[in-house]
Amino acid sequence: MATAALFEPLTLRGVTFRNRVWAAPMCQYSILAKDGVPRDWHLMHLGQLAAGGAGLVVAEASAVSPEGRITDADTGIWNDEQASAWARIVDFIHSQGAVAGIQLAHAGRKASTWPAWGHDEHGTVPAGAGGWQTVSASAVSFPGYDPPVALDAAGIRDVVDDFAAAAARAIGAGFDLVEIHAAHGYLLHQFLSPLSNRRTDEYGGSLENRARLLLAVVRAVRDAIGPDHPLFVRFSATDYAPGGWNEDDTATVAGWAAAAGADFFDISSGGNVTGVSIPLGPGYQVPLARHVKTEADVPVSAVGLITTPAQAEQIVASGQADAIMLGRELLRDPHFPLRAAHELGVSLDYWPPQYLRARWPED
Ligand SMILES: Cc1cc2nc3c(=O)[nH]c(=O)nc-3n(C[C@H](O)[C@H](O)[C@H](O)COP(=O)(O)O)c2cc1C
């Protein structure tokens with residue numbers, strides 16, 4: 001049988017991933033009880049991705065505090081009830097041989113929005129309809145959303161503490177790693193980008209100042225999770241806007257974050273401003289991942305319109321990224337990794353035994 005870069009194991013700190021085909025975090029907006037507690041849908045959704053052969057399954061953006069939720073149907077990791085519900089799901093992911101991660105998130109000025117479906121409304125949910133006051137680096141609205149309140153020093157300290165407490169709870173629930181969400185125009189990205197951060201204190205202005213909150217979160221999360229668990233950061237590598245956050249800033253801050261205790265960088269793009277042109281196409285974010293990997297000398301994953309085994313293999317084999325993450329392709333085919341191995345001629349020893357009769361005869 002052949003070998004493939006995509007199916008080479010990877011070890012970070014105390015954790016070995018069986019391959020480099022990973023499941024990207026994907027919000028399910030499915031907590032109808034509005035309590036942030038993951039339920040059967042999450043067990044089924046994340047469980048099938050693990051059974052499908054992914055090396056790592058990253059649970060969706062889960063809020064570190066109630067006001068950090070994108071919608072009131074988001075999952076959370078700010079209390080023990082949520083943590084014990086996650087523990088059941090993590091156990092199942094582990095039973096299928098995958099590494100379990102969770103994305104820790106605060107939506108900032110993009111919080112308190114309507115769930116993705118079942119509503120005609122867009123933008124911020126008003127207080128009278130269950131919404132809440134949003135916060136950000138500055139009182140600058142995301143287009144079409146209500147104005148946020150700029151966080152003061154105590155508010156910033158609370159955000160750092162909330163990320164650290166959520167990370168400790170995630171590890172307590174059995175997750176092998178946590179990913180800090182600093183992408184897609186959410187709170188940490190709002191601090192990083194000069195388009196959303198107009199502060200004049202030590203959290204605004206220079207790149208160093210704009211990165212201060214993220215680096216404080218990285219240090220606090222590293223302290224909370226100890227030395228054995230990998231810490232990922234997801235960046236949007238560019239705002240695609242003049243005067244905005246860009247791939248050189250991302251590489252610089254990734255280097256600083258690595259020195260502060262982060263191990264791995266999940267490179268996405270966009271989400272902080274509207275009206276920009278994004279060069280969508282197969283693997284369109286791969287050059288951004290390669291840039292961060294090369295300039296900061298850190299391991300990275302690439303994500304975004306990666307849909308075929310050959311494409312995924314080429315990205316990893318050519319050294320552009322150390323792993324790939326898949327979003328929508330895994331929703332279409334949760335067993336993509338098993339199929340990818342077959343197409344690349346790789347024999348896997350981690351088919352679920354219940355499914356062995358479906359294995360391709362030549363594997
Ligand atoms: C249903 C859905 C939910 C998503 N939720 C998240 C999320 O929770 N956190 C995040 O960083 N990105 C999220 N994304 C973005 C994906 O992680 C991924 O970066 C994006 O879909 C591009 O990859 P793809 O072309 O393979 O889908 C989501 C995407 C989808 C389709």
Side-chain angles (χ1 to χ4, degrees), residues 6 20-31 36 38 41-42 44-46 48-49 52 54 56-64 68-71 73-77 86 89 101-108 110-111 113 115-118 163 166 170 175 177-190 192 214 232-238 240 250 264-272 278-289 292 300-309 311-312 315-316 321 323-334 336-337 340:
L6 203 56
R20 291 140 189 266
V21 198
W22 297 351
M26 282 182 278
C27 286
Q28 301 295 292
Y29 305 117
S30 295
I31 312 302
W41 176 263
H42 297 82
M44 183 285 296
H45 163 64
L46 299 168
Q48 67 173 344
L49 301 180
L56 164 65
V57 175
V58 185
E60 69 192 77
S62 295
V64 299
R69 291 171 297 168
I70 304 168
T71 76
D74 290 18
T75 53
I77 181 78
W86 281 120
I89 295 166
I102 183 168
Q103 191 182 49
L104 308 179
H106 190 307
K110 288 172 76 174
T113 60
W117 63 84
F163 270 95
F175 283 107
L177 63 86
V178 298
E179 174 170 281
I180 295 170
H181 198 349
H184 301 169
Y186 296 118
L187 183 65
L188 298 174
H189 186 179
Q190 291 159 29
L192 292 171
L214 171 65
F232 285 29
V233 177
R234 177 170 266 205
F235 281 113
S236 279
T238 174
Y240 298 107
T250 306
F264 196 94
F265 298 90
D266 165 10
I267 303 302
S268 186
S269 70
N272 197 35
I278 301 179
L280 289 175
Y284 70 106
Q285 294 174 144
V286 174
L288 299 171
V292 175
V300 299
S301 55
V303 69
L305 292 177
I306 300 169
T307 55
T308 71
Q311 179 196 15
I315 293 164
V316 177
I324 56 116
M325 286 203 191
L326 299 174
R328 289 162 291 181
E329 190 57 27
L330 278 181
L331 300 185
R332 288 186 279 264
D333 176 9
F336 177 96

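For ligands, and for the atoms within them, numbers begin at 1 and follow the listed sequence.
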*asked:* Just to be sure I read this right, does ligand 1 sit under 4.0 Å from the backbone of H181, its side chain, both, or neither, counting only heavy atoms?
replied: side chain
_Just to verify, what does R234 make a salt bridge (Lys or Arg N to Asp or Glu O under 4.0 Å) with, not counting sequence neighbours?_
E179, D266
*Could you tell me the residue and atom name of the protein heavy atom closest to atom 9 (N) of ligand 1, and the distance to it rounded to 0.1 Å?*
Q103 OE1, 2.7 Å
*Passes side-chain contact (heavy atoms from CB on, under 4.5 Å), Y29 versus I70? Steps please.*
CA-CA 9 Å; Y29 305 117; I70 304 168; 4.0 Å; yes
*Using distance alone, decide if ligand 1 has a nitrogen or oxygen within less than 3.5 Å of any nitrogen or oxygen in L305.*
yes
*Close approach of G304 to ligand 1, heavy atoms, under 4.0 angstrom*: yes
*Parallel, tilted or perpendicular: which fits the ring planes of H181 and H184, with parallel below 30° and perpendicular above 60°?*
perpendicular
*Where do I89 and P38 come nearest, in terms of heavy atoms and distance?*
CD1-CB, 3.8 Å
*asked:* Can you check atom 20 (C) of ligand 1: any protein non-hydrogen atom closer than 4.0 Å?
replied: no
*Apply side-chain contact (heavy atoms from CB on, under 4.5 Å) to L288 and T250, showing your working.*
CA-CA 9 Å; L288 299 171; T250 306; over 6 Å; no
_Verdict with supporting geometry, Q285 and V303, side-chain contact (heavy atoms from CB on, under 4.5 Å)_ = CA-CA 6 Å; Q285 294 174 144; V303 69; 3.6 Å; yes
_As an exercise, state the distance from OG1 of T307 to CG of L330, rounded to the nearest 0.5 Å._
11.5 Å
*Using heavy atoms and a threshold below 4.0 Å, how should the contact between M325 and ligand 1 be classified: side chain, backbone, both, or neither?*
neither
*Please report which non-hydrogen protein atom sits nearest to atom 26 (O) of ligand 1, along with the residue it belongs to and the distance in Å to one decimal place.*
G327 N, 2.8 Å
*May I ask you to identify, for Q28, whether its side chain, its backbone, both or neither come under 4.0 Å of ligand 1 on a heavy-atom basis?*
neither
*If you have a sec, work out which protein heavy atom is nearest atom 12 (N) of ligand 1 and how many Å separate them, to one decimal?*
R234 NH1, 3.0 Å
*Give the minimum heavy-atom separation between G68 and A111, together with the two atoms involved.*
C-CB, 4.5 Å
*Starting from atom 30 (C) of ligand 1, find the nearest protein heavy-atom neighbour and note its residue, name and distance.*
M26 CG, 3.8 Å
*With side-chain contact (heavy atoms from CB on, under 4.5 Å) as the test, would you mind laying out the steps for D74 and I31 before giving the verdict?*
CA-CA 6 Å; D74 290 18; I31 312 302; over 6 Å; no
*Just need the protein heavy atom nearest to atom 31 (C) of ligand 1, so name the residue and atom and give the distance.*
R328 CG, 3.5 Å
*asked:* Please list, in number order, the atoms of ligand 1 under 4.0 Å from a heavy atom of H184.
replied: 10 (C), 11 (O), 12 (N)
*asked:* Is there a polar contact, in the sense of an N or O pair closer than 3.5 Å, between E60 and ligand 1?
replied: no
*In the protein, which heavy atom is nearest to atom 18 (C) of ligand 1, and how far is it?*
V303 CG2, 3.9 Å
*asked:* Going by the closest heavy atom to atom 5 (N) of ligand 1, which one wins out of A24, C27, S269, A182?
replied: C27
*Parallel, tilted or perpendicular for F235 and F265, by the 30°/60° rule?*
parallel
_Nearest non-hydrogen contact with atom 13 (C) of ligand 1 belongs to which option: P282, S236, P25?_
P25
